[in-house]
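The analysis underlying the following values was restricted to heavy atoms, covering all of them including side chains, and did not include hydrogens, waters or symmetry mates. Quantities reported herein were computed from a predicted structural model and do not represent experimental measurements.
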Amino acid sequence: MAAGRMQWLSLALAASLATLLSASASQPGIGFGYYKKACPGAEQIVFRETTRIVRASPDLAASLLRLHYHDCFVQGCDASVLLDSTDGTPAEKDAKPNESLRGFDAVARVKDKLEKACPATVSCTDLLALMARDAVVLSKGPSWPVALGRRDGRTSSAGDCGQLPPLYGNITVMIEVFAAKGLDVKDLVVLSAAHTLGKAHCSSFADRLYNGSECSTDPTLDRRYADRLRMRCPGPDDSSAAMAEMDAGSCSTFDTSYYRQVARGRGLLRSDAGLMEHPVTGAYVRRAAAGRYEGHFFQDFRDSMAKMGAIGVLTGNQGEIRTKCNLVN
C-alpha cells in the first residue's frame, strides 16, 4: 500500500512538473532557475523574509496572494498594481476594487533585501509571484516551482481595473472575465479557492444580507450563516472596519474547507456562491467538499497558478527591472 502511494505521488509530481514546464515554455523568456547565475540566493531571500512577515502577521498571507491575482488580471503580470499614483493619474492601487489591498510594505521590505544582494536584478513582478507561492506554503498549502524572468511594466491606471473579476459577478460574468485572460472554467473554480485564506469587509457582501434598509437574505445564502453575518455587519451601509472570515473557522489554513462552505450555502461572496450554478464548477465544489480530494485540488491549484502567472508577461527588452516597486526607474 505504501509503495503504491509513493508511486502515485511520484507520478503526480512528474505530471505537475511537466504541466508547469509546458506553461513556462509557452512564454519565451521565463523559466525555472532564471536567477541561478545573476542572483542565486533570490528565492531563499524571498522565502526567508516572507516567512518572517507571515509569522508576525498571519493575515498577510491572504493579502500577498491577492496582490498577485490583482496584478495579473490587469494588463498582465507586470507589478503595475504596486506603482504609486502620479499627479492627475490614479494608479491601480487607488482604484475602488483595490482599496482594501494590503502587503505593499511587505513587498517593499523584501525588495530592499534583494536589491542589497543583487542590485537591479530581480523584478517586482517575479517577487509578487514568489511571495504568493510562499504565502500559500506558509499557510499549509502546496508548493510549486515558479517560472521566473518577468519584467516590470512602466504604467498603471485605475481605469484599467474593470478587468478584475467582480465580487458581485454571477457565474456567467466570472467565466467571461477569466476567459478574457486565457483561463478556463476549471481555473475559475480552482483559483476561487484562494478565498480559503483571509477576510472580507462587510461592504463586499452586504448586498447578500440587505435590500436597501431592509433585511433581505440572498436565497442562495444559508439563513443561519446570514444571521451571524448580520451580527458582524449590522447595516447595509456599515462603514466600520468589521470583517468576516472568507472560510469561516479555517481562514488561516490553505485547504479544501472553502469548498465545504460553498457547498453548504456559506460562500461569503456572491462570486463564491455562483460556483454552484454551473455544472462544471458545481461538480468540482461538491467533489472537493467531500474531503477526499485535497491532493488533487493542490495539484490543480499549482497548475492554475502557473497559467495565471504567465498572463501578459513582459520579457526580454520589454519593461524594466524596478529598483523600487512603487516607482518606475
Side-chain angles (χ1 to χ4, degrees), residues 23-31 34-35 38-39 42-43 46 50 63-115 118-135 146-165 177-178 180-183 191 305-329:
S24 67
S26 67
Q27 290 289 343
I30 71 171
Y34 183 84
Y35 296 111
C39 192
E43 292 197 44
V46 174
T50 304
S63 301
L64 295 171
L65 182 55
R66 190 176 175 218
L67 274 177
H68 185 41
Y69 273 63
H70 281 233
D71 180 45
C72 290
F73 268 88
V74 180
Q75 69 179 34
C77 308
D78 65 351
S80 53
V81 74
L82 302 177
L83 286 171
D84 289 340
S85 296
T86 57
D87 292 341
T89 307
E92 291 171 32
K93 66 166 60 173
D94 292 322
K96 189 173 181 59
N98 289 336
E99 287 176 344
S100 60
L101 287 181
R102 299 171 59 228
F104 297 105
D105 290 343
V107 174
R109 165 179 162 176
V110 183
K111 177 62 171 173
D112 285 345
K113 295 288 184 180
L114 289 170
E115 285 300 308
C118 313
T121 301
V122 180
S123 70
C124 298
T125 319
D126 279 346
L127 175 55
L128 283 178
L130 288 170
M131 292 185 77
R133 187 270 312 274
D134 294 346
V146 177
L148 301 170
R150 304 166 188 79
R151 290 171 65 85
D152 301 322
R154 295 190 176 97
T155 63
S156 180
S157 172
D160 292 331
C161 289
Q163 302 173 48
L164 286 167
V177 171
F178 272 65
K181 301 300 176 182
L183 301 173
L191 292 174
M305 285 296 288
K307 286 178 67 175
M308 188 190 76
I311 295 173
V313 297
L314 303 175
T315 60
N317 294 322
Q318 299 172 313
E320 63 183 13
I321 305 297
R322 289 184 221 141
T323 55
K324 293 286 185 181
C325 290
N326 63 317
L327 301 170
V328 295
N329 293 339

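- Counting only heavy atoms from C-beta outward, the side chains of Arg150 and Leu128 never approach each other to under 4.5 Å.
- How far CG of Leu130 is from CG of Leu64: 11.5 Å, rounded to the nearest 0.5 Å.
- Not counting sequence neighbours, Arg102 has no partner by the salt bridge (Lys or Arg N to Asp or Glu O under 4.0 Å) test.
- A pairwise comparison of heavy atoms in Val122 and Tyr35 identifies CA-OH, 3.7 Å as the closest pair.
- Tested against Lys93, the residues Leu67, Asp84, Leu83 include a single side-chain contact (heavy atoms from CB on, under 4.5 Å) partner, Asp84.
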- [ ] Take Leu127 and Val107, measure what side-chain contact (heavy atoms from CB on, under 4.5 Å) needs, and give me the verdict at the end.
- [x] CA-CA 8 Å; Leu127 175 55; Val107 174; 3.8 Å; yes
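- Of the inter-residue distances, the one linking Asp126 atom CG with Cys39 atom SG reads 11.0 Å to the nearest 0.5 angstrom.
- Taking both residues in full, the closest heavy atoms of Gly153 and Val328 are given as O-CG1, 4.5 Å, listed atom of the first, atom of the second, then distance.
- Counting heavy atoms from C-beta on, the side chains of Leu327 and Arg322 never come closer than 4.5 Å.
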Open item on the list: Assess the residue pair Arg66 and Ser100 against the criterion (side-chain contact (heavy atoms from CB on, under 4.5 Å)); give the C-alpha distance rounded to whole Å, side-chain angles, the decisive distance to 0.1 Å, and a yes or no.
Closed with: CA-CA 10 Å; Arg66 190 176 175 218; Ser100 60; 2.9 Å; yes
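- The local environment of NZ in Lys181 is crowded, with over 12 non-hydrogen atoms from other residues, nucleotides or ligands closer than 6.0 Å.
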TODO: In sequence, state the C-alpha distance, the side-chain angles, and the governing distance for Phe104 and Ser63, and then conclude on side-chain contact (heavy atoms from CB on, under 4.5 Å).
DONE: CA-CA 9 Å; Phe104 297 105; Ser63 301; over 6 Å; no
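- Between Asp78 and Arg154 there is no salt bridge, since no side-chain N of the basic residue sits under 4.0 Å from a carboxylate O of the acidic one.
- In this structure, Asp71 and Leu82 have side chains that are not in contact, with every pair of non-hydrogen atoms separated by 4.5 Å or more.
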Task: Working for side-chain contact (heavy atoms from CB on, under 4.5 Å), residues Leu164 and Asn98 - done: CA-CA 10 Å; Leu164 286 167; Asn98 289 336; 3.6 Å; yes
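- In terms of heavy atoms, Ser80 sits closest to Glu92 at OG-OE2, 2.6 Å.
- Atom CG of Asn329 has more than 12 heavy atoms from other residues, nucleotides or ligands within 6.0 Å.
- Residue Cys77 holds its SG atom at 5.5 Å from CD1 of Ile311, rounded to the nearest 0.5 Å.
- Across Thr121 and Ala38, no two heavy atoms sit closer than the pair CG2-CB, 3.8 Å.
- Once rounded to the nearest 0.5 Å, the distance linking SG of Cys124 with CE of Met131 reads 11.0 Å.
- Summarising the geometry, atom SG belonging to Cys118 is positioned 12.0 Å from atom CD1 belonging to Ile321; distances are rounded to the nearest 0.5 Å.
- Closest heavy-atom contact between Glu320 and Arg151: CA-NH2, 3.5 Å.
- When atom types are taken as modelled, the side chain of Glu115 and the backbone of Ala120 share a donor-acceptor pair closer than 3.5 angstrom.
- The NE2 atom of His70 sits 12.5 Å away from the CD atom of Gln163 when rounded to the nearest 0.5 Å.
- Closest heavy-atom contact between Ala147 and Ile30: CB-CD1, 4.2 Å.
- Within the 4.5 Å cutoff, no side-chain heavy atoms of Arg133 are placed close to those of His68.
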